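None of the values given here were measured: they were computed from a predicted structure. Because only heavy atoms are used, hydrogens play no part in the values below, and waters and symmetry mates are left out as well, while side chains stay in.
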Amino acid sequence: MEGPEFKKKRSPVVTGTAAGGGRGLTDDIIVDILSRVPVKSICRFKCVSPSWRNLISHPDNRKKLPQTLTGFFYFDEFDSCEFVSLAKPPPTPTRNWRLRPPSLCDFAFLPANTGGGALDCCNGLVLLNSRSASGSEAPCASYVVCNPATEKWTTVPPVPESAEVSKICNASILCFDPAVSPHFHVVRLLVAEDDGFTEDDLFEGFQIYSSETGVWVFHPHNSGWSPVEHRSRRTYFNGLLHFITSDQRAIAAMDMKGQTQRIVYVPRSKEVELIGHSQGLFFYANRDDRNTYKVSIFVLEDHGRWTLKHSVNTKGLFADADEYLQSELLVGVAAIHPHCNSIFLFDSLQGRLMLYNMDSRSARVIRSVTETCLWSFVPYVPLHMETSALENGN
Amino acid sequence: MEVDKGKGEAEETRKVAEADRDTVTLKSSDGKLFEVSKEAAARLSTVLAGMIAGGSIDDNGTDLKQIGSEALENVVDYCNKHANSIPSAALISSSISFNTAPFKEPEEWERKFVDRLSHDALFDLVEAANFLGMERLLDVTCHKISEMMKGKSPDQIREVFNIKNDYTKEELEEIRQELAWAFYDD
């Protein structure tokens, strides 16, 4: 390693049980040092001593330290949402591993009649349908944005009524990254009402709300591409909302002013599985066009080219798979672990979520959820930091 | 500047003389004296800036009883080097993503400055920087320690920080299993 070798302590007898140990460092300094270490190392350092574990998990320090994935918002074919926790199941196996922490997906901290169903999640904040909007007095769409970790929330003003005429919103997307801005954006994908005759592109444009300006702005579709609305086919990364384009040939990155910033063509495939990011890198997963069981994971390099990171044949991953994996209903990529070299795979026929390690090429079923044919998993990493954009009730 | 009533004229004169000098003298816990650029000390240390502004700097060596001579030598060395370096604006980090406060990556000379230190000296310097309210030096030294921690096992961390492992075997096993579950790669 760098630097001179570790010298014997002047007084090796002094080994403190406090977090600072024999070094006598204050807790604040240790937290300062830890805040610069990757989240995976921080988790591993809980093993150092009970005082380090307490320091790392203390509510005051969680605000300063990066956090890792604790679960997913899981959406089924009817777009109803449940929270799938990744906490280790209890040692005595119960028939149903689904755990629903009271603060997640129930959103018990919201006043009654405020939040409806979850729609999206981004870097710790959650976008909900506003329940009051479903009443007859308020015909326009409106939303609530909340942080389940701090139990702070805010309402998003209703979408201007005029903007809704003859357009249908087919996805509501939350964009938020505390490293980019303390403010969030809500992006609505608007399509024209289908008259049933035309097969043409119905995409009309983006309607974007900024919590900074407090205003909805409509950006008509004029950049030559239209987005796929599926949750796994989009990701907010480095301040840009990335979509798979509807022709599945490229990824388009849009800023929060509705301007296309970048188009990157993707490797040929039978089907795009997912785009996402992990450990600061942009990922793309697809299904091979000759072998539909084969899933490939690519990384976007700085110069705009893709590097194949990993390929896996999903056919052999589940021991009991053979009997039903003959159909086109295959195992799909649910998510990329944000902090380690693992991906989540989902067997939609039996509702089994699996963690697959790309280094050891091994897989393990970690949860069973309600099986469904159309699904998406949105990663949830708690954010314990206060966000100025969330002021309860305002 | 407000001057306390009842102070002797001699002291006033000494203070004026002190104000004219462009260095200050600092005294370590073990009585060694170090000269440091007054401008750099005031700019880099909130504590020293307060002492200089408040006139509590002693011409014969301001006592810093909490800091040993080795650490104080490094503090002074850092201040003097900083006084002579041209700050570079091009080194603003884009990689530190979680803390929204911008952190400037250590400059080349700062990196070299902390790289040559032993672990003991580095940890002593962190404490000294913290005590003197030297935000930048604290940043640079904490950054260096965080780099040292990368890829290290809990055992190695205990060695570096001189920490006793007072987990029971069972507790440790439980935490290990939780981690293995969360990341599935240990």
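- Heavy-atom minimum distance, B:Tyr167 versus A:Lys46: OH-O, 2.7 Å.
- Across B:Leu138, B:Ile175, B:Leu122, B:Thr141, the residue that shares the most heavy-atom pairs under 4.5 angstrom with chain A is B:Ile175.
- Neither the backbone nor the side chain of A:Leu69 comes within contact range of chain B, judged by heavy atoms closer than 4.5 Å.
- Nearest approach of A:Val48 to B:Arg158, heavy atoms of both residues: O-NE, 2.7 Å.
- Contact annotation for A:Ser181: neither backbone nor side-chain heavy atoms come within less than 4.5 Å of a heavy atom of chain B.
- A 6.0 Å sphere centred on CD of B:Glu135 holds no more than 12 heavy atoms belonging to other residues, nucleotides or ligands.
- Between B:Met149 and A:Ile33, the shortest heavy-atom contact is SD-CG2, 3.5 Å.
- Looking at residues two or more places apart in sequence or on another chain, you find a side-chain hydrogen bond (donor to acceptor under 3.5 Å, both in side chains) between A:Thr68 and A:His339.
- When all heavy atoms of B:Leu172 and A:Cys47 are compared, the closest pair comes out as CD1-O, 3.5 Å.
- Chain B forms the most heavy-atom pairs under 4.5 Å with one residue out of A:Pro38, A:Ser41, A:Cys43, and that residue is A:Cys43.
- Counting heavy-atom neighbours within 6.0 Å of A:Gln261 CD, excluding the residue itself, gives a total above 12.
- Using a 4.5 Å heavy-atom cutoff, the side chains of B:Glu127 and A:Leu25 are in contact.
- When all heavy atoms are compared, the tightest approach of B:Lys152 to A:Phe45 is O-CE2, 3.5 Å.
- Counting only residues at least two apart or in different chains, ring-ring contact (aromatic ring centres under 6.0 Å, His included) contacts with residues 35-79 of chain B comprise B:Tyr78-B:His82, B:Tyr78-B:Trp109, B:Tyr78-B:Phe113.
- Atom CG in A:Asp28 sits 7.5 Å away from atom CG in B:Asn130 (nearest 0.5 Å).
- With A:Arg36 contributing its side chain and B:Glu147 its backbone, the two residues share no donor-acceptor pair below 3.5 Å.
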